[in-house]
Participant: 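My questions all concern the structure below.
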Amino acid sequence: MARVVTLLAAAAALTTALALPAAYLFAAYGRLDGRLETSATLHAAEVAEMARANPAFWEFEDLHVTAPSHNGRAAVPERRSVFGANGKLVMEAGPEQGLAWPVLSASAPVREGERIIGQAEAARSFREELIATGLVSTSSVLLGGLIFLTLRTVPLRMLRRALERTAYLAAHDMLTGLPNRAIFGDRLTQALALARRNGHTVAVLCLDLDRFKEVNDTLGHAAGDKLLREVSARLSACLRESDTLARLGGDEFAVIQPQAAQPTDAESLARRIIAAIERPVGIDGHEVTVGVSVGIALAHPTREADPQRLMIEADLALYQVKERGRGDFCFFSPEMNARLMERRAMEADLRLALAEGHLRLHYQPQVALPSGRVIGAEALLRWTRPGHGNVPPDRFIGVAEETGLIAPIGAWALHEACREAAGWPEHLGVAVNVSAVQFRLPGLYEAVASALKASGLQPSRLELEITEGVLLNDTDDTLAMLNRLHALGVKIAMDDFGTGYSSLGYLQKFTFDKIKIDRSFIQNLGNDANSAAIVRAVVGITRSLGVRANAEGVENAGQADMLVAEGCGEVQGYHYGRPMPPGDFARLVAG
Ligand code: C2E
Ligand code: CA
Ligand code: CA
């Protein structure tokens with residue numbers, strides 16, 4: 001590249017040094033040539049005039065007649081000559097000292113009517129122009145040199161800077177200035193080679209921000225960028241000089257921790273990182289709290305470790321943390337591999353089940369207290385997986401959420417439940433679960449609207465059960481969506497109430513139609529005073545808010561009696577009916 005620049009600079013310099021004097025010379029020659037030609041023509045005309053006045057004039061020999069100077073102007077420094085028809089010089093005039101070399105000349109015929117009687121010639125020295133050309137050459141050579149130097153040094157400097165910048169950009173993440181994945185790979189390879197030689201253990205930590213997507217989606221990308229910069233600053237502050245931090249993309253980061261006492265150092269680093277990231281971040285007037293999950297893999301010097309393998313292991317560990325509930329760390333263990341394979345297989349089977357219609361909904365009666373009348377049912381997913389038997393929803397909903405399959409599965413459940421409920425007596429409603437992930441994915445509103453339209457079910461008979469997870473990042477968008485759904489005429493219930501940590505706050509933000517008290521409280525009603533107090537408090541709150549309460553997981557008459565005593569208006573549980581196939585439920589309510 002530098003060579004090309006030098007060559008281009010040399011070409012530009014040479015062009016300047018040569019072309020400029022050449023052009024000057026060419027122009028000077030042309031100008032002189034033109035002038036001589038005019039001169040010769042005028043001269044010829046004057047001589048013709050003289051010949052007409054004195055026709056014998058050609059006959060004089062050695063006649064020292066001075067050639068005429070046209071229009072009376074001094075002939076100097078031109079030399080004018082007249083030649084007879086035979087080529088003999090007839091007369092001549094010019095500067096005393098003669099013309100300096102080189103001489104240029106032009107001639108024109110002297111005519112008498114049609115007949116040419118002689119030649120008139122004008123000549124002049126070209127020396128002055130040559131000298132001027134020399135001067136021009138000198139300055140253009142200097143100019144060319146200057147051009148060569150600037151062209152060669154300035155672009156080379158610019159080029160070098162551009163190359164350096166490109167190399168930096170290729171190795172670093174633009175947003176945070178941290179090394180990127182490529183550099184991270186190189187450093188890991190080096191660290192592993194060094195560790196093998198020194199007998200050290202290297203730790204790789206893979207980090208993934210929890211709830212980053214929500215910040216990005218709700219506060220916008222600029223806010224997301226600010227958050228990432230703040231996070232990378234906090235992460236950097238957690239590290240030691242010898243550690244390498246990189247941003248692998250999106251909200252994924254990774255750390256190489258070489259030369260440390262493992263696994264203790266990796267663990268304490270993970271704890272420091274989790275604590276640092278958990279602190280709230282102020283962004284554009286909002287207080288945002290994210291968390292981080294950390295997966296750790298160790299490369300022992302005794303084991304042949306390749307960088308890719310190590311990254312996969314750290315990733316698997318990270319995956320495990322996220323599955324367990326985020327905001328924590330975990331070391332890789334070989335069983336994780338097997339679990340991942342199993343999840344992949346489950347995803348493929350689930351996809352197939354959806355496509356081939358192997359998913360089913362069962363319906364669990366919802367009963368009014370104290371009358372004991374069935375007032376509706378909750379639709380619950382059932383899947384018989386070939387070769388595995390019945391897989392409980394708790395096991396496959398997570399996989400469906402991770403893979404995005406929850407959107408089509410949820411839409412199917414909505415259609416199916418509405419279609420089924422449309423055949424029930426009109427006073428019965430149907431409740432459908434909507435997962436937090438499904439709530440965030442596009443298409444929920446459309447799925448609800450189209451399920452209602454296709455089934456003809458009255459919207460007020462459909463209830464959507466959402467968990468606190470939906471409201472966890474309570475944002476305008478979430479509330480707007482809940483209100484849009486409400487505007488369709490459907491009901492919204494808060495599911496699993498009491499299991500989150502700031503439950504009461506949510507009740508202010510949105511007017512739920514129903515609150516379902518989590519079954520963990522109901523199950524402990526008989527033997528735990530706290531649970532009884534909580535149930536009483538929740539029922540009290542719902543009553544004062546004018547919201548219906550549903551107690552879930554009622555398994556025996558004792559629990560039912562206590563709930564009646566507390567004034568709970570609605571129950572659900574094995575005591576009243578297990579989730580059952582649609583046919584069974586239809587018979588139950590028909591009979
Ligand atoms: P959930 O929404 O809390 O559903 C109630 C769960 O409690 C159901 O479990 C039900 O069978 C169980 N249950 C009902 N009565 C009793 C009782 O008396 N004792 C006990 N021990 N359990 C009782 P299931 O069907 O296994 O569903 C588990 C979870 O899976 C549901 O919890 C819900 O979160 C999710 N799920 C089920 N179907 C769907 C669905 O269509 N969409 C979504 N997004 N999630 C679903
Ligand atoms: Ca539910
Ligand atoms: Ca529930």
Side-chain angles (χ1 to χ4, degrees), residues 350 353-354 358-367 374 376-385 389-421 429-441 443-444 447-448 451 462-470 491-500 503 512-526 538 549-560 562-563 570-582 584-585:
L350 197 53
L354 177 67
H358 294 323
L359 293 173
R360 297 274 172 264
L361 285 179
H362 278 192
Y363 297 87
Q364 182 175 37
Q366 295 181 326
V367 172
V374 175
E378 176 178 4
L380 294 157
L381 269 169
R382 293 294 175 260
W383 178 31
T384 309
R385 184 180 173 198
N390 290 329
V391 186
D394 289 333
R395 289 228 1 245
F396 67 83
I397 296 277
V399 176
E401 288 185 331
E402 269 163 39
T403 53
L405 270 175
I406 191 67
I409 289 178
W412 173 81
L414 280 162
H415 272 90
E416 181 63 17
C418 287
R419 192 184 61 73
E420 195 65 44
V430 68
V432 179
N433 291 284
V434 174
S435 95
V437 173
Q438 180 189 354
F439 194 89
R440 280 199 302 275
L441 291 172
L444 173 64
V448 172
L462 174 64
E463 186 160 71
L464 304 178
E465 295 192 4
I466 64 162
T467 55
E468 286 177 338
V470 170
K491 299 213 165 74
I492 313 253
M494 161 145 290
D495 204 355
D496 303 343
F497 187 77
T499 53
S503 318
F512 287 93
D513 299 284
K514 186 190 283 183
I515 287 169
K516 298 186 77 177
I517 308 167
D518 193 67
R519 72 167 177 271
S520 55
F521 302 109
I522 312 303
Q523 256 138 31
N524 289 324
L525 260 185
V538 175
N550 172 308
E552 290 190 281
V554 181
E555 293 185 347
N556 55 54
Q559 292 163 349
M562 288 179 83
L563 288 163
E570 187 181 320
V571 281
Q572 192 180 332
Y574 295 170
H575 180 60
Y576 300 94
R578 293 196 172 238
M580 58 189 85
D584 292 1
F585 183 76

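The model shown is predicted, which means the values in this text are computed figures rather than measured ones. Numbering of ligands and ligand atoms starts at 1, following listing order.
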Participant: Provide the number and element of each atom of ligand 1 under 4.0 Å from a heavy atom of I397.
Facilitator: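 In order of number, 43 (C), 45 (N), 46 (C).
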Participant: Measuring from non-hydrogen atoms of R382 to any atom of ligand 1, is the shortest distance under 4.0 Å?
Facilitator: yes
Participant: Indicate, as side chain, backbone, both or neither, the part of H362 found under 4.0 angstrom from ligand 1 when only non-hydrogen atoms are considered.
Facilitator: neither
Participant: When rounded to the nearest 0.5 angstrom, what distance separates CE in M562 from CG in N556?
Facilitator: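 M562 CE to N556 CG: 10.0 Å, rounded to 0.5 Å.
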Participant: What distance separates E463 CD from D495 CG, expressed to the nearest 0.5 Å?
Facilitator: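 So the CD of E463 and the CG of D495 are separated by 9.5 Å.
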Participant: How about E378 and Q364: does a side-chain donor come under 3.5 Å of a side-chain acceptor?
Facilitator: no
Participant: Output yes when the distance from some N or O of ligand 1 to some N or O of H575 is under 3.5 Å, and no in every other case.
Facilitator: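 In this structure, H575 places no N or O atom under 3.5 Å from an N or O of ligand 1.
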Participant: Check V554 against ligand 1 and report side chain, backbone, both or neither, counting heavy atoms closer than 4.0 Å.
Facilitator: backbone
Participant: Taking side chain as C-beta onward, heavy atoms only, is C418 less than 4.5 Å from L462?
Facilitator: yes
Participant: Of all the N, O or S atoms in E465, which one sits nearest to the Ca ion (ligand 2)?
Facilitator: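 The nearest such atom is OE1.
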Participant: Give me the residue, atom name and distance of the protein heavy atom closest to atom 3 (O) of ligand 1.
Facilitator: D496 OD1, 3.2 Å
Participant: Please examine the side chains of P365 and M580, heavy atoms only from C-beta on, and report whether any two atoms are closer than 4.5 Å.
Facilitator: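 Answer yes - side chains close enough.
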Participant: Is there at least one protein heavy-atom neighbour under 4.0 Å from atom 32 (O) of ligand 1?
Facilitator: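 No, there is none.
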Participant: To which protein heavy atom is atom 15 (N) of ligand 1 closest, and what is the distance rounded to 0.1 Å?
Facilitator: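 For this ligand atom, the closest protein heavy atom is Q364 NE2, 2.9 Å.
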Participant: How long is the straight-line distance from CZ of R395 back to CZ of R385, given to the nearest 0.5 Å?
Facilitator: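 Here the rounded value is 7.5 Å.
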Participant: First locate atom CG of L563, then atom CG of N550, and finally report the distance between them rounded to the nearest 0.5 Å.
Facilitator: 9.5 Å
Participant: Is the side chain of E416 donor-acceptor paired with the backbone N or O of W412 at a distance under 3.5 Å, no angle test?
Facilitator: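 No: the side chain of E416 does not pair with the backbone of W412.
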Participant: At less than 4.0 angstrom from any non-hydrogen atom of E552, what atoms of ligand 1 do you find?
Facilitator: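 The list of qualifying atoms is 3 (O), 5 (C).
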Participant: Take D496 and E468 through the side chain to side chain contact (heavy atoms under 4.5 Å, CB included) test and state the conclusion after the steps.
Facilitator: CA-CA 8 Å; D496 303 343; E468 286 177 338; over 6 Å; no
Participant: Out of all atoms in ligand 1, which are within 4.0 Å of some heavy atom of E378? Include the element for each.
Facilitator: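 Close to E378: 2 (O), 4 (O).
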Participant: Number the atoms of ligand 1 from 1 as they appear, then name those within less than 4.0 Å of a heavy atom of D495, with their elements.
Facilitator: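 In order of number, 2 (O).
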Participant: Rounded to 10 degrees, what angle sits at the Ca ion (ligand 3) between E552 OE2 and D496 OD1?
Facilitator: 150°
Participant: For atom 38 (N) of ligand 1, what is the nearest protein heavy atom, given as residue, atom name and distance?
Facilitator: L381 N, 3.1 Å
Participant: What protein heavy atom lies closest to atom 35 (C) of ligand 1? Include the residue and the distance to one decimal.
Facilitator: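 The protein heavy atom lying closest is P393 CB, 4.2 Å.
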Participant: Among protein heavy atoms, which lies nearest atom 16 (C) of ligand 1, and at what distance?
Facilitator: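 Nearest neighbour among protein heavy atoms for atom 16 (C) of ligand 1, to 0.1 Å: Y574 CE2, 3.2 Å.
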Participant: Please examine the side chains of L444 and Q438, heavy atoms only from C-beta on, and report whether any two atoms are closer than 4.5 Å.
Facilitator: yes
Participant: When you compare ligand 1 with R519, is there at least one nitrogen or oxygen pair between them that comes in under 3.5 angstrom?
Facilitator: yes
Participant: How far is atom 20 (C) of ligand 1 from its nearest protein heavy atom, and which residue and atom is that?
Facilitator: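 Ranking protein heavy atoms by distance from atom 20 (C) of ligand 1, first comes E555 OE2, 3.3 Å.
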Participant: As a test of the contact definition, would atom 9 (O) of ligand 1 count as having a protein heavy-atom neighbour under 4.0 Å?
Facilitator: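 No, because not a single protein heavy atom sits under 4.0 Å from atom 9 (O) of ligand 1.
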Participant: With a cut-off of 4.0 Å, which atoms of ligand 1 are near a heavy atom of P579?
Facilitator: 11 (O)
Participant: Provide, to 0.1 Å, the distance between atom 42 (N) of ligand 1 and the closest protein heavy atom, together with that atom's residue and name.
Facilitator: N433 O, 3.4 Å
Participant: Using a 4.0 Å heavy-atom cut-off, say whether Q523 meets ligand 1 through its side chain, its backbone, both or neither.
Facilitator: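 Within the 4.0 Å criterion, Q523 contacts ligand 1 through side-chain atoms alone.
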Participant: Does the side chain to side chain contact (heavy atoms under 4.5 Å, CB included) test come out yes or no for Q559 and H575, once each step is laid out?
Facilitator: CA-CA 9 Å; Q559 292 163 349; H575 180 60; over 6 Å; no
Participant: Side chain to side chain contact (heavy atoms under 4.5 Å, CB included), that's the test. Do L464 and L414 meet it? Break it down for me.
Facilitator: CA-CA 9 Å; L464 304 178; L414 280 162; 3.8 Å; yes
Participant: How many angstroms lie between CG in L405 and CD1 in I397, if you round to the nearest 0.5 Å?
Facilitator: 10.5 Å
Participant: Taking all atoms of both residues into account, what is the closest heavy-atom pair of E401 and S435, and its distance?
Facilitator: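 Distance-wise, the nearest heavy atoms are OE2-OG, 2.7 Å.
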Participant: Checking a contact table here: which protein heavy atom is nearest atom 44 (N) of ligand 1, and how many Å away?
Facilitator: S435 N, 3.4 Å
Participant: Looking at the Ca ion (ligand 2), is one of the N, O or S atoms of E378 less than 3.0 Å from it?
Facilitator: yes
Participant: Hey, is the main chain of I492 close enough, under 3.5 Å, to the side chain of D513 for a donor-acceptor pair?
Facilitator: yes
Participant: As an exercise, state the distance from CZ of F396 to CD1 of I409, rounded to the nearest 0.5 Å.
Facilitator: 6.5 Å
Participant: Which one holds for T467 and ligand 1: side chain close, backbone close, both close, or neither close, with close meaning a heavy atom under 4.0 Å?
Facilitator: neither
Participant: The Ca ion (ligand 3) is nearest to which N, O or S atom of D495?
Facilitator: OD1
Participant: Should G573 be counted as touching ligand 1, given the test is an N or O pair under 3.5 Å?
Facilitator: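 No, G573 has no N/O under 3.5 Å of an N/O on ligand 1.
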